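First the structure, in the form of C-alpha cells, and then the observations on it.
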Amino acid sequence: MDYAFREIEAKWQQWWKEKDIYRVEADTDRPKCYVLDMFPYPSGAGLHVGHPLGYIASDIYARYKRLNGFNVLHPMGYDAYGLPAEQYAIQTGQHPAVTTQNNINRYRSQMDKLGFCFDWSREIRTSSPDYYRWTQWVFIRMFHSYYDLNQNKACSIVSLAEHFAAKGTDSLHAVCGQPHAFSAGEWKAFPEKERQTILMEYRLAYLADTAVNWCPGLGTVLANDEVINGLSERGGYPVEQKIMRQWCLRVSAYANRLLEGLDSIDWTDSLKETQRNWIGRSEGAEVDFCIDGVNQPLTVFTTRPDTLYGVTFMVLAPESEWVNRVTSAKNRPAVDAYLDATRKRTERERIAERRVTGVFSGAYARHPLTGKAIPVWISDYVLVGYGTGAIMAVPAHDSRDYAFAQHFSLPILPLIEGCDVSTQSFDAKEGILINSPKEGEEGFVLNGLSVKEAIARTKDYIEAHGLGHIKTNYRLRDAIFSRQRYWGEPFPVYYDADGLPQTLPEECLPLELPEVDKFLPTADGDPPLGHATQWAWDTVQQKVTDTARIDRRTVFPLELNTMPGFAGSSAYFLRYQDPKNDQALVSSQTNSYWRNVDLYLGGTEHATGHLIYSRFWNKFLFDIGVACEDEPFRRLINQGMIQGRSNFVYRINGANRFVSYNLKDNYEVTPLHVDVNIVSNDILDIDAFRKWNPEYRDAEFILEEGNRYVCGWAVEKMSKSMYNVVNPDLIVERYGADTLRLYEMFLGPLEQSKPWDTNGIDGVHRFLRKLVALYEPVADTAPDPKALKAIHKLIKKVTFDIEHFSFNTSVSAFMICVNELTSLRPLTRDILRPLSIVLAPFAPHLAEDLWHRLYPEETGSICDARWPDFNEMLLQENTDTYAISFNGKVRFTLSLSANLTAAEVEAAVIAHPLTCQRLEGNVSPRKIIVILHKIVNIVL
RNA sequence: GCUCGAAUGGUGGAAUCGGUAGACACGAAGGACUUAAAAUCCUUUGGCUAUUGCAGCUGUGCGGGUUCGAGUCCCGCUUCGAGUACCA
C-alpha cells in the first residue's frame with residue numbers, strides 16, 4: 001500500500017474544514033484546557049521552517065488533551081501592528097494595512113498546509129477596530145485608576161479624589177510618581193489644573209516628562225526592552241536619551257505582585273530568573289543627608305546601610321534636579337561644562353567607553369552619624385532613573401565608587417576587618433565590621449558585628465532616629481506607552497481648553513485609525529497622525545459630548561501618538577475566549593469557564609517584554625474584575641530557536657571549477673554559500689546548481705568517491721543572504737505535512753535551539769511508509785500478545801512523553817513500535833485502533849485516513865476518539881520481586897525476570913556478602929533486573 | 001562583571017527517581033534482490049586488544065569526592081551558549 005500523502009492531506013484538510021471539526025464553544029459539562037501559541041507578527045518574509053516548531057508542539061498537546069476528553073481552546077491570530085509594515089510604507093507608499101493583509105494571507109495559507117487544529121472562527125488581529133476597541137478601553141480604565149497599597153490593588157481614581165477631599169494625603173498609601181503632602185482643605189483650595197496634575201502622579205496610565213529612548217532612525221521612542229546595546233531592536237539604529245512628554249503605564253506599581261506571582265506559576269526556572277532580574281527587587285534603606293544651606297535633605301538609597309561610616313563623598317546623577325539646587329556659584333561654570341559634555345554622549349558611548357568622569361558641585365553634606373562634611377560630586381555613573389538619582393559613595397566597598405575615588409583622589413575608608421583595599425574595593429557582603437565606635441564608646445556602635453547584623457542594626461537605628469527609613473526598590477521601570485508612529489492603536493484621548501488630557505467616552509470606542517497620505521512626521525515634527533486634522537475634528541465633533549471644553553484654537557485636539565506594539569498583545573489571550581463580544585472585552589461568564597491559559601508556548605525573546613506587560617495588564621484586569629485569574633499563563637514552555645544550516649561549495653580561485661569538500665585542501669579555494677534547497681544530505685544537486693545561477697551554467701566539478709559533490713556546512717542565523725532559509729511549503733510538497741511535523745519534533749528537545757538540517761527527514765518519512773503498510777491486510781483473529789505488548793508500551797511511552805513535552809522521544813518510540821509490529825503482520829483492529837489514535841496528535845492527516853480505512857462506516861473524526869489506556873499488567877514480565885539490602889538497609893526493590901529460576905538467583909545472591917530477602921507483591925523498576933544479573937554474574 | 005543553562009560516537013540525540021551509557025535516526029561499510037539504477041531488506045558501526053576464543057580493557061569536557069554503584073549527586077576548574085549590565 002502506497003503512502004499517497006498529497007491526496008491524504010488535501011482530502012482531510014478539506015473534510016475538517018467542511019465539518020468544522022475544530023470549532024469549540026464553552027461547555028460547562030466538560031473540563032476546559034486552553035492551549036495558546038504566541039501569535040505571530042506577519043512579516044513579509046513568510047513563515048520559515050523554524051516558525052511552526054512551537055505551533056506543532058502546541059497542536060500535539062491540544063489534540064492530545066482533546067482525545068482525553070478536554071474541551072480545548074486552541075486559537076490563533078495576528079499581532080498585526082508593527083514597525084516593519086510602516087517602514088515599508090514609508091519606502092514604497094503601500095499602505096501598512098495592505099502589506100499586513102498580504103502577509104496574513106501568506107501566513108494563513110502556509111499554516112493551513114500543516115494541519116493545525118486551530119479554531120479559526122476565533123481569529124483576532126490587533127489592528128482590527130473590533131479588537132483594538134478593547135485595547136483602548138483598557139487604557140481608559142487604567143487612566144481612571146490608581147494603585148492602592150492598603151488594598152494592594154488598582155482602584156478608581158474617583159475614590160482617590162474623594163480621599164483627598166476628605167482627608168488630604170493623610171492615611172493614604174498609594175503608588176505615586178512624586179510624593180505630595182497636603183490637607184483636605186488645601187486640596188479643596190487647589191485650582192482644578194493643579195488637582196489634575198496631582199492626580200496624574202497616581203494614575204496607572206499617565207502623562208509625564210520622562211527620559212526616553214529616542215531613536216532618530218525610526219523617528220520614535222522605544223521601551224527599554226526594545227533597545228539592545230544602545231541600538232533599536234528593529235532596524236538596529238542608534239538610540240539616544242531625550243526628555244519628552246509621553247504616556248506611561250505604571251507597571252512599577254505591580255512590581256511586587258509581578259515578582260511574587262512567579263512562585264505560583266509553572267514556568268522554567270531560567271525564565272522566572274530573567275523576570276526576577278528584570279524586576280530587580282532590592283531591599284535597603286533611604287538615608288537623608290542634610291546639605292549646608294539647603295532646607296530639604298538629600299535622600300539616597302542604599303542596600304548597604306552598614307557601610308554608612310565609610311561614606312567619603314556623595315554623587316548626583318547629572319540629570320538630577322539636585323544638581324541645580326546644590327551647585328555653588330564658584331563651581332557652576334565647571335558643572336555646566338560637564339553637564340553639556342554628558343548630554344552629548346549617547347548611551348552607547350557611555351557603555352562603550354566606561355571611563356570615569358565627574359565634577360565637584362561645591363556643596364557639602366553632613367554625615368548623619370558623624371556630622372563630618374562630605375563633598376557632593378556629579379557623575380554620569382549614577383542613574384537618574386533608579387533610587388533617588390543620588391548615592392552615598394562608599395569607595396572601600398563598591399567598585400564603582402572605588403574607581404571614582406581613585407580617579408579624583410578621594411579618601412577610601414575600609415570598614416571590614418582584614419580587607420585589603422589598596423588595589424580594589426571589597427564588595428562582598430561578608431566579614432566583621434571595624435572603624436566605627438566600639439562598644440562603650442560614644443556614638444552608634446557597629447564594630448564587631450557581621451555585615452548581616454550590621455545591616456539590620458543600622459536599618460533600625462536610622463528608622464528610630466529619623467535619619468531615613470527602610471525601603472524596597474525595584475529596577476522595573478514604568479513602561480513608556482507613546483510611539484510617534486502611524487501603524488498602531490490611536491489613543492482615545494483629547495485635550496481640553498486647559499491642555500489637560502481627557503478620555504473619550506467608552507461607548508464611543510473604537511476610535512478608528514484614520515487614513516493618512518503620508519506616513520512620515522508632519523512639517524512641524526508631529527507624528528504622522530498630525531496629517532489627519534479632518535479626522536481629529538470630526539472625532540471631537542462626534543464623540544466628545546462636552547464640546548464646550550474643547551479648545552477651538554488648538555490645531556489638533558486629539559492625542560497624536562499611537563500605542564506601542566505590546567499594547568495589542570497584552571490581553572489577546574482573554575479576547576480569544578469571547579472574540580465577537582461587542583459589549584465587553586470578555587464576558588465574565590465566558591471568562592469564568594476558560595479562565596487562564598493552561599499552556600502557553602513561545603520564544604524566550606519575550607521574557608522581559610510581552611511576558612511582563614501581559615502579566616501586568618492581566619493583573620490590572622483582575623483588579624477591576626474583568627479577568628478571574630491573577631496570572632494569565634499557568635504554564636509556559638519556551639521552544640528553542642531553529643537556526644539555519646548553511647551549505648558551502650568551494651570554488652577554485654580564478655576558475656569556474658568547484659571542488660568537493662574532502663578534496664578542497666589540495667586547492668586554493670573560496671567557500672561560497674549555496675542554496676540549501678538544492679543540497680540533500682550535503683550532496684549537491686549539480687544540475688540544479690547550474691540552473692540556480694547563470695554564472696555557474698558551465699561550471700566544472702571535481703567530484704569525490706561515488707561521483708558526488710559533497711558540500712561543507714556551518715550553523716548560522718537563518719537568513720536570505722546565507723541561502724539557508726527553508727520554506728515549510730517545499731518540505732510539505734516533497735514529504736507531506738505529517739512528515740514535517742514528525743521531523744520537527746524528532747530534531748531534538750523542544751526547548752533547545754538547534755540548526756535546521758534535513759539530513760534524516762528521509763528516515764521519518766520511511767517510518768510513515770512502514771506504518772501505512774501495517775494496515776493492510778487487517779487480520780480477523782485474536783491479537784498477538786507480542787503485538788499487544790508492543791502497542792501498550794507505545795501508549796504508555798507516548799502518554800508520558802506528551803505530558804512532559806518530550807516529543808522527540810515519542811517519535812523514536814513510534815519507530816521502535818512499528819519495527820516490532822512489522823514482523824508480526826497481519827495485525828488486528830485491537831492493535832491498529834490505538835495505534836491510529838496515539839498517532840493522531842503527531843500525524844493528524846494520516847491518522848484520520850487510517851482511522852476511516854479501519855472503520856469505513858465511521859462518520860466522525862478521529863479527533864473525537866478516546867485516548868487509549870495502557871495495561872500495566874501486560875507490560876510486566878513474569879517476575880518475582882526482591883529487595884536488595886546492604887548492612888540491613890533496604891536500598892532497592894526489584895522485579896526479576898531471568899533465564900535463571902528465582903531459586904537459583906536467590907541462592908546466588910544470598911551467597912554474596914550482600915543480603916537479599918524475599919518480598920510479597922510485584923512493584924519495582926524494570927531496569928534493575930539487569931543489575932541483579934550483574935550481581936549474579938559476579939557471584940557465579 | 002553578575003545570573004542561568006549546557007558539554008555524551010562521524011552527526012542529531014536517548015538514558016524519565018543514582019541502576020546494562022550510546023535507544024531511535026542519519027551517515028558510513030559490507031551483503032541480498034536487480035542487466036543496471038532506484039526502492040526495499042539483512043549484517044556491522046564509541047575506542048583499543050582479541051577475533052579458527054565465547055571475551056577483556058577503556059569510555060559521557062577536566063580534577064577530586066560521596067556511594068555497593070555516578071552521564072546523573074557534591075566541591076573545584078575549562079569551554080561554549082543565553083540573559084543582563086554602571087540598578088548603589
Side-chain angles (χ1 to χ4, degrees), chain A residues 225 228-229 268-278 280-282 284 300-304 307 314-315 317 347 350-351 354 356 379-383 385-394 397-401 403-404 427 473-477 604-605 607-608 638 640-641 645 681-683 705-706 713 743 746-749 751-755 757-764 766-767 769-770 773 797 800-801 803-804 806 808-819 822 884-887 889 891-892 894 912-914 925-935 937-938:
Chain A
D225 67 281
I228 294 159
N229 278 335
T268 59
D269 289 339
S270 73
L271 187 60
K272 285 186 185 180
E273 199 56 33
T274 305
Q275 289 216 339
R276 283 193 191 106
N277 290 341
W278 190 259
R281 180 189 166 102
S282 52
V300 299
F301 175 74
T302 179
T303 53
R304 293 292 302 274
T307 61
M314 298 183 77
V315 187
E347 191 183 7
R350 272 159 78 154
I351 292 167
R354 217 175 247 253
V356 178
S379 172
D380 66 2
Y381 83 88
V382 175
L383 305 176
Y386 184 76
T388 61
I391 61 153
M392 57 177 226
V394 186
H397 303 294
D398 182 286
S399 55
R400 297 153 302 180
D401 298 345
F404 194 83
D427 291 13
N473 254 338
Y474 295 93
R475 208 186 70 116
L476 184 71
R477 314 261 180 97
T604 5
E605 65 272 20
T608 53
N638 289 119
M641 292 241 281
R645 186 180 188 278
N681 287 0
D682 292 336
I683 310 294
E705 250 180 280
W713 61 274
Y743 185 61
F746 184 65
L747 217 45
E751 305 195 56
Q752 186 177 306
S753 285
K754 56 235 163 199
D757 174 3
T758 35
N759 296 355
I761 196 166
D762 293 303
V764 173
R766 203 171 295 151
F767 148 73
R769 285 214 305 265
K770 284 189 214 167
K797 172 80 177 144
F800 181 92
D801 282 351
E803 302 276 5
H804 293 83
S806 175
N808 54 329
T809 53
S810 291
V811 179
S812 293
F814 274 112
M815 290 177 175
I816 295 167
C817 182
V818 165
N819 283 342
T822 297
I884 300 293
S885 61
F886 303 107
N887 306 325
K889 218 160 112 192
R891 296 302 176 106
F892 53 84
L894 56 88
H912 197 263
L914 313 172
R926 196 173 157 271
K927 281 177 193 166
I928 299 173
I929 299 162
V930 186
I931 304 305
L932 196 64
H933 277 294
K934 209 161 191 178
I935 296 170
N937 285 339
I938 293 162

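Because the structure is predicted, anything quoted here is derived from the model rather than measured. Naming: A, B, ... by sequence-line order, numbering from 1 per chain. Worth knowing before you read on, the calculation uses all heavy atoms, side chains too, and leaves out hydrogens, waters and symmetry mates.
- Between B:A88, B:U84, B:C24, one nucleotide has an atom nearer to the side chain of A:F746 than all others, and that is B:C24.
- Of all nucleotides listed (B:A25, B:A14, B:C4), B:A25 comes nearest to the side chain of A:M815.
- Comparing the P positions of B:G71 and B:G64 gives a spacing of 15 Å, expressed to the nearest Å.
- Base pairing analysis places B:C57 opposite B:G47; the two distances defining the Watson-Crick or G-U wobble pair are each below 3.5 Å.
- With a 4.5 Å cut-off on side-chain heavy atoms, A:N759 and A:R645 count as touching.
- Rounded to whole Å, the C1' atom of B:A39 lies 40 Å from the corresponding atom of B:U49.
- Rounded to a whole angstrom, the distance from the C1' atom of B:C41 to that of B:G46 is 26 Å.
- Across all strands, A:R276 comes closer than 4.0 Å to no nucleic acid atom at all (heavy-atom distances).
- Checking A:T809 against A:D801 by side-chain atom types alone, a donor-acceptor pair falls below 3.5 Å.
- The side chain of A:R766 sits closest to B:U40 out of B:C24, B:U40, B:G13.
- Regarding the sugar-base torsion, B:C33 falls in the anti class, its angle being beyond 90° of 0.
- Within the structure, every side-chain polar atom (N or O) of A:Y381 is placed at least 4.0 Å from both OP1 and OP2 of B:A88.
- Taking atom CG on A:N277 and atom P on B:G1, their separation rounds to 17 Å, with Å as the unit.
- Only the C1' atoms considered, B:A88 is 44 Å distant from B:A70, to the nearest whole Å.
- Under the 30°/60° scheme for interplanar angles, the aromatic rings of A:F301 and A:Y386 are found to stand perpendicular.
- Between B:A14 and A:N808, a contact under 4.0 Å exists linking OP1 or OP2 to a side-chain N or O.
- Here, B:A7 and B:U45 have their C1' atoms 24 Å apart, quoted to the whole Å.
- Contact annotation for A:Y474: no contact, since no heavy-atom pair falls under 4.0 Å across all strands.
- Counting non-hydrogen atoms under 4.0 angstrom, A:R477 reaches a base of the nucleic acid.
- Whole-Å rounding puts the A:Q275 CD to B:U84 P distance at 12 Å.
- Residue A:Q752 has no polar side-chain atom (N or O) positioned under 4.0 Å from OP1 or OP2 of B:A82.
- In this structure, A:N819 reaches the sugar-phosphate backbone alone: every heavy-atom distance under 4.0 Å involves primed, P, OP1 or OP2 atoms, never a base.
- Considering every non-hydrogen atom in both A:K770 and A:V818, the closest pair reads CB-CG1, 3.8 Å.
- In this structure, of B:U40, B:A88, B:A15, it is B:A88 that holds the atom nearest to the side chain of A:T302.
- Residue A:N759 is classed as a sugar-phosphate contact, given heavy-atom separations below 4.0 Å to backbone atoms only.
- With rounding to whole Å, A:R281 atom CZ is found 20 Å from B:C2 atom C1'.
- Listed nucleotides B:C4, B:C24, B:G83 differ in distance to A:S270; the shortest reach to its side chain belongs to B:C4.
- Nearest nucleotide to the side chain of A:R769, out of B:G83, B:A85, B:U40: B:U40.
- Scanning all heavy atoms of the two residues, the minimum distance from A:T303 to A:S282 falls at CG2-CB, 3.9 Å.
- In this structure, A:K754 contributes its side chain and A:P749 its backbone to a donor-acceptor pair below 3.5 Å.
- Among the protein residues, A:P755 comes within range of no part of the nucleic acid, since none of its heavy atoms lies under 4.0 Å from any strand.
- Separation of the C1' atoms belonging to B:G47 and B:G10 is 13 Å when rounded to the nearest angstrom.
- No donor-acceptor distance shorter than 3.5 angstrom exists from the side chain of A:R281 to the backbone of A:R276, with no hydrogens or angles considered.
- In this structure a side-chain-to-backbone donor-acceptor pair under 3.5 Å is present from A:D401 to A:V394.
- Rounded to whole Å, atom C1' of B:C26 lies 12 Å from atom CD1 of A:I761.
- For A:F301 and A:K754, each mapped to the nucleotide of RNA chain B holding its nearest heavy atom, the one lying further toward the 5' end belongs to A:K754.
- Pairing for B:A32 goes to B:U40, judged as Watson-Crick or G-U wobble with the two contacts each under 3.5 Å.
- Looking at heavy-atom distances under 4.0 Å, A:S282 makes contact with sugar-phosphate atoms alone, never a base.
- In this structure, A:L383 atom CG and B:C86 atom P are separated by 6 Å, rounded to whole Å.
- For B:G12, the glycosidic angle deviates from 0 by more than 90°, giving an anti base.
- The CD1 atom of A:I816 sits 5 Å away from the C1' atom of B:C24 (whole-angstrom rounding).
- Using a 4.0 Å heavy-atom cutoff across all strands shown, A:K770 reaches sugar-phosphate atoms only and no base atom.
- Atom CG in A:N638 sits roughly 12 Å away from atom C1' in B:G83 (whole-Å rounding).
- At whole-Å resolution of the value, CG in A:D762 and P in B:A39 are 9 Å apart.
- For B:A70, there is no paired base (Watson-Crick or G-U wobble, both distances below 3.5 Å).
- Nucleotides B:G9 and B:G22 place their C1' atoms 7 Å apart, quoted to the nearest Å.
- With B:C24, B:G13, B:U84 as the choices, the nucleotide that has an atom nearest any side-chain atom of A:R475 turns out to be B:U84.
- Place A:A813 and A:D801 on RNA chain B by their nearest nucleotides, and A:D801 ends up nearer the 5' end.
- At most 12 heavy atoms of other shown residues, nucleotides or ligands fall within 6.0 angstrom of atom CG in A:D269.
- Each of B:U3, B:U84, B:A15 was ranked by its minimum atom distance to the side chain of A:T608; first place goes to B:U84.
- B:G61 and B:U11: their P atoms are spaced 14 Å apart (whole Å).
- In this structure, A:I391 reaches the bases: a heavy-atom distance under 4.0 Å links it to at least one base atom across the strands shown.
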